[in-house]
*Asks:* 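To start, I am sharing the structure in question, which I have written as structure tokens.
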Number of protein chains: 2
Amino acid sequence: MDNPETHPVQDTTEQKIFEAAHEVFTQKGMDGAKMQEIADRAGINKALLHYYYRSKEKLYEMVARAIINKAMPAIRQVIESELPLEEKIRRFIGTYIDIISQNPYIPLFIISEINKHPERFFDAILPATLPRPEVFFRQVEEEIAAGKIRYIKPQHLIVNIVSMCAFPFIGKPMIRILLGMGPGELRIFLEERKYEVTTFILASLRPE
Amino acid sequence: MDNPETHPVQDTTEQKIFEAAHEVFTQKGMDGAKMQEIADRAGINKALLHYYYRSKEKLYEMVARAIINKAMPAIRQVIESELPLEEKIRRFIGTYIDIISQNPYIPLFIISEINKHPERFFDAILPATLPRPEVFFRQVEEEIAAGKIRYIKPQHLIVNIVSMCAFPFIGKPMIRILLGMGPGELRIFLEERKYEVTTFILASLRPE
DNA sequence: ATTTTTTTTAACCACTTAGTTAAACCTTAC
DNA sequence: GTAAGGTTTAACTAAGTGGTTAAAAAAAAT
């Protein structure tokens, strides 16, 4: 049991570099990130970066992949499941806000880097992880046909849901100023949104 | 009348530089933008940049200010007006989506640059232009008290509205992939949202 | 012990960056 | 004309940039 080779966060140099890179890339983006700063934060020499990770590009790509793999699968699982629609919406919002609360940098990182290098993402990083919305669309249509919810185009519904979940994290600093909140109040506000967004959406879907 | 000094888009060097800087800064952000590229796009020598605009920082700041002044005032006017709540919501969504459709880069530019240099924005650029939500909040509370809409915290309502308007522009490339749309389809989709978002919100606010 | 392999380092390279300089080029005024 | 002003340029600088190299230090294998 006291074997030092068990794996609770084995703090190898390679990992320290990766963690430092993760910090710097998420805070400053590909362009703003400097290899020297990553080296400094990892407490090592700059040449070591290139020993473990051939190039900035490669290092960046691994960080990006890790970030996407942290967020996408859980969300994808919910949206592609066969849960009844209302339960699915509840779960989706809860899962999404939980995950992002723990890694608030994720949405802005993904979005701004997609905007600067679309090819890289769609060719290399995202391919299999992107959720398929077909099941969700079919469910919405069925519930409309059954008179359980009012008519709505499922594409707009899903964009509305994702918007309300993701945007507050993306626009955090602006919202803080707009609503005059401190960091603590904002955390509570975002936590509240799990309930508020769910209520808002289900209320909107009530049949006429 | 044939006076060359009338002002329909007088294409002075200074302006050409500013336009080029505008393009480059909005596409690549402060870090990604290079003075050389701005000079090239303006069709002039790099030294001219520093003749007209002292530094990259200064040039950036002017571009940023121009962008904010293009978006904020109209939005602010609507939200601070005394229009009845429902009409205000309709106008807000229409105005927002119209403005952003014509300048789709605005939300992501503002947000990602705020996240990288919060001081700059809140100290120097935004100060007076940020909308005051108090009037809106009071209206929401009044309508709730009068039983015209269901109970909702006005802070969440306003964040919901802004989210649904802004996010689709910010996440455009991801939405395109997610929903399998071409550029044309996406344009139509975003135009549709003026109606769809309005309907969605008013439906949600219907009293029980 | 001594080879061999993996880690780590300091010093360096070629290139790009924002920003400067000093001289030439225009206009326009006198 | 020519003097004065603003405008434009090519050539440069100093400080980064990502990335390499060759050799030392440490660990592992024999």
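The structure displayed is predicted, hence computed values, not measured ones. Residue numbers begin at 1 in each chain, while the letters A, B, ... track the order of the sequences. All heavy atoms count here, side chains included; hydrogens, waters and symmetry mates do not.
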*Asks:* Protein within reach of the bases, or only the backbone? For nucleotides 9-22 of chain D, mark each nucleotide 5' to 3' as B, S or -, using heavy atoms under 4.0 Å.
*Replies:* BB------SBBBB-
*Asks:* Any base atoms under 4.0 Å from A/Tyr53, or only sugar-phosphate, or nothing? Heavy atoms, all strands.
*Replies:* nothing
*Asks:* Using chain B heavy atoms and a threshold of under 4.0 Å, write down where along DNA chain C the contacts begin and end, 5' to 3'.
*Replies:* C/dT17 to C/dT21
*Asks:* May I ask you to verify if any side-chain N or O of B/Tyr52 is less than 4.0 angstrom from the OP1 or OP2 atom of D/dT8?
*Replies:* yes
*Asks:* Which pair of heavy atoms, one from B/Glu196 and one from A/Ile152, lies closest together, and at what distance?
*Replies:* OE1-CG1, 4.4 Å
*Asks:* What pairs with A/Phe137 under side chain to side chain contact (heavy atoms under 4.5 Å, CB included), at least two apart in sequence or on another chain?
*Replies:* A/Pro133, A/Pro154, A/Gln155, A/Ile158, B/Leu179
*Asks:* Taking the side chain as C-beta and beyond, is there a heavy-atom pair between A/Ile38 and A/Leu59 under 4.5 Å?
*Replies:* yes
*Asks:* Going by side chain to side chain contact (heavy atoms under 4.5 Å, CB included), name the residues that satisfy it together with A/His50, two or more places apart in sequence or in a different chain.
*Replies:* A/Met35
*Asks:* Tell me, please, which residues at least two apart from B/Ala203 pass side chain to side chain contact (heavy atoms under 4.5 Å, CB included).
*Replies:* A/Arg150, A/Ser204, B/Arg206
*Asks:* Should A/Met30 and A/Phe25 count as side-chain neighbours, where that means a heavy-atom distance under 4.5 Å?
*Replies:* yes
*Asks:* Give a yes or no on whether a salt bridge exists between B/Arg187 and B/Glu191, defined as a side-chain N under 4.0 angstrom from a carboxylate O.
*Replies:* no
*Asks:* Checking B/Ala74 now: which residues fulfil side chain to side chain contact (heavy atoms under 4.5 Å, CB included) with it, not counting sequence neighbours?
*Replies:* B/Thr95, B/Ile99
